[in-house]
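All remarks here apply to the structure that follows.
In this text the structure is predicted, and so the values were computed from the model without any measurement. Side-chain atoms are counted along with the backbone in the values below, which use heavy atoms only and exclude waters and symmetry mates. As the structure lists them, so they are numbered: ligands from 1, and atoms in each ligand from 1.
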Amino acid sequence: MKYDFSQWRLIMKVIVTGGAGFIGSNFIFYMMKKHPDYEIICLDKLTYAGNLSTLKSVLDKPNFKFVKLDICDRDGVYKLFEEEKPDVVVNFAAESHVDRSIENPTIFLETNIIGTSVLMDACRKYGIKRFHQVSTDEVYGDLPLDRPDLFFHEDTPLHTSSPYSSSKASADLLVGAYGRTYNLPVTISRCSNNYGPYQFPEKLIPLMIQRALNNEKLPVYGDGENVRDWLYVEDHCKAIDLILEKGKAGEIYNIGGHNEMHNIDIVKLICDYLDKPYSLIEHVTDRKGHDRRYAIDPDKIHKELGWLPETMFKDGIKKTIQWYLDNKEWWENIISGDYQNYYKEMYGDRKVLDKD
Ligand SMILES: NC(=O)c1ccc[n+]([C@@H]2O[C@H](COP(=O)([O-])OP(=O)(O)OC[C@H]3O[C@@H](n4cnc5c(N)ncnc54)[C@H](O)[C@@H]3O)[C@@H](O)[C@H]2O)c1
């Protein structure tokens, strides 16, 4: 199916799944600003990673609705589609933390694979103009540190390392299959690591910011030389909006910032910004199967859709750290209670490595 801008104006109602999480909430804010005429429905189960308070600035808007629902709940999802008849679904809902997937893969398979198929079944049953699957560069596995010339392209074979990335890769395969078998108008985007406001403090950047602010040890897995390609979350949101508007059904788009950083350098940068000593850094036993390097080639989305990242890392990281400084209440609420038990489980037994 061909999409042009005049057709696009007809696309009005968007279901954003996982919109109470990090990227989904940023996407909702972006879309509501960019397309004030759209109706946005956030479907979210509110797991530990979903936070309704994140959405408080839009909860009362007449063109926004929040529905607490599990994407695996077939009856609930069908009922919602029947009532709302959405034009577009953007699926951010997922279990997203690699460490948690190593501890308990099952929930990852349920939400990330079964949940995605339930959403697509609903799209088949009630009709849809576009189902967009938000995927990750982790489906490509990792690259060696000594081959900076290598990048992930859209046709790079899937080669996953963790239960998380395997569940995301499985979902991607299913999305492709629904496109081919049922002619469902699907697109997939595979993005590199995001950073920015509202990221749950179990992920590297917010974890280090909040612990550094509290003068607590900063646990870095292994030698910390692992490389990630970082993208400011709003640039990811812009790319998805562009794919919805101009992307072709059946296509996969890689999204990345060409901004590779070693984990240890990110942690040092946060220390520098917050004026904290590197002595807080503690190297701990590495994550099992820890991927060494991710590196996206975003040439296709640049050439075909004209997308380019707009926020330089040096600016984005400052904005992000400042956001965590200005919004302590948001993350302090999150890290009280259950999160403390989680932190102990994940890091409590890890051996401290003898490193500078
Ligand atoms: N964070 C990154 O750097 C990154 C990079 C590339 C791709 N992605 C992908 O982007 C998506 C969003 O990532 P994120 O970092 O915002 O995740 P997140 O963990 O912050 O948010 C996930 C959201 O999904 C909701 N959710 C979980 N299970 C659900 C279910 N069964 N039904 C309904 N809602 C459910 C949670 O409540 C939460 O609001 C994920 O699919 C992830 O794989 C993330």
Original post:
Is the count of non-hydrogen atoms from other residues, nucleotides or ligands lying under 6.0 Å from Lys85 atom NZ greater than 12?
Top reply: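 Counting neighbours around NZ of Lys85, more than 12 heavy atoms of other residues, nucleotides or ligands fall under 6.0 Å, so yes.
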Which label fits [X] and [Y]: parallel for a plane angle under 30°, tilted from 30 to 60°, or perpendicular past 60°?
| X | Y | answer |
| --- | --- | --- |
| Phe27 | Phe92 | tilted |
| His35 | Tyr38 | parallel |
| Tyr294 | Phe152 | tilted |
| Tyr324 | Trp330 | perpendicular |

Subject >> Side-chain donor/acceptor of Glu154 to backbone N/O of Asn254, under 3.5 Å >> reply: yes
Nearest protein heavy-atom contact for [atom]: which residue, which atom, what distance?
| atom | result |
| --- | --- |
| atom 11 (C) of ligand 1 | Phe92 O, 3.3 Å |
| atom 3 (O) of ligand 1 | Asn194 N, 2.8 Å |
| atom 9 (C) of ligand 1 | Val134 CG1, 4.0 Å |
| atom 5 (C) of ligand 1 | Ser192 O, 3.3 Å |
| atom 43 (O) of ligand 1 | Tyr164 OH, 2.6 Å |
| atom 17 (O) of ligand 1 | Ser96 OG, 3.3 Å |
| atom 36 (C) of ligand 1 | Thr47 OG1, 3.3 Å |
| atom 16 (O) of ligand 1 | Ile23 N, 2.8 Å |

Indicate yes or no: does [X] engage [Y] in a salt bridge with an N to O separation below 4.0 Å.
| X | Y | answer |
| --- | --- | --- |
| Lys238 | Glu310 | yes |
| Asp87 | Lys13 | no |
| Arg228 | Asp291 | no |
| Arg100 | Glu202 | yes |
| Glu260 | Arg293 | yes |
| Arg124 | Asp121 | yes |
| Lys125 | Glu82 | no |

I need the contact type for [X] against ligand 1. Using non-hydrogen atoms and a strict under-4.0 Å cut-off, is it side chain, backbone, both or neither?
| X | result |
| --- | --- |
| Asn51 | neither |
| Phe108 | neither |
| Leu69 | backbone |

Out of curiosity, is [X] lining ligand 1, as in a heavy atom under 4.0 Å away?
| X | answer |
| --- | --- |
| Thr17 | no |
| Gly115 | no |
| Gly19 | no |

[X] to ligand 1: N or O pair under 3.5 Å?
| X | answer |
| --- | --- |
| Thr136 | no |
| Asp70 | yes |
| Cys191 | no |
| Phe22 | yes |
| Glu95 | no |
| Lys45 | yes |
| Gly21 | yes |
| Asp44 | yes |
| Ile71 | yes |
| Lys168 | yes |

Atoms in ligand 1 flagged as close to [X], the criterion being non-hydrogen separation under 4.0 Å:
| X | answer |
| --- | --- |
| Ser135 | 6 (C), 7 (C) |
| Thr111 | 28 (N), 29 (C), 30 (C), 31 (N) |
| Leu46 | 37 (O) |
| Gly18 | 23 (C), 24 (O), 25 (C), 39 (O) |
| Asn193 | 3 (O) |

Original post:
Quick one: CD1 on Ile113 to OG on Ser170, what's the gap to the nearest 0.5 Å?
Top reply: 3.5 Å
Subject >> From Gly50, Ser165, Ala20, Ala94 - option closest to atom 27 (C) of ligand 1 by heavy atom >> reply: Ala94
Original post:
Just wondering, do Thr17 and Val90 contact through their side chains at under 4.5 Å, heavy atoms?
Top reply: no
Subject >> Heavy-atom side-chain proximity of Ser57 to Phe29 below 4.5 angstrom >> reply: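 In contact.
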**OP:** Going by the side chain to side chain donor-acceptor pair (under 3.5 Å) test, name the single residue among Thr187, Asp241, Asn91 that passes it with His132.
**Re:**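 Answer to the side chain to side chain donor-acceptor pair (under 3.5 Å) test with His132 among Thr187, Asp241, Asn91: Thr187.
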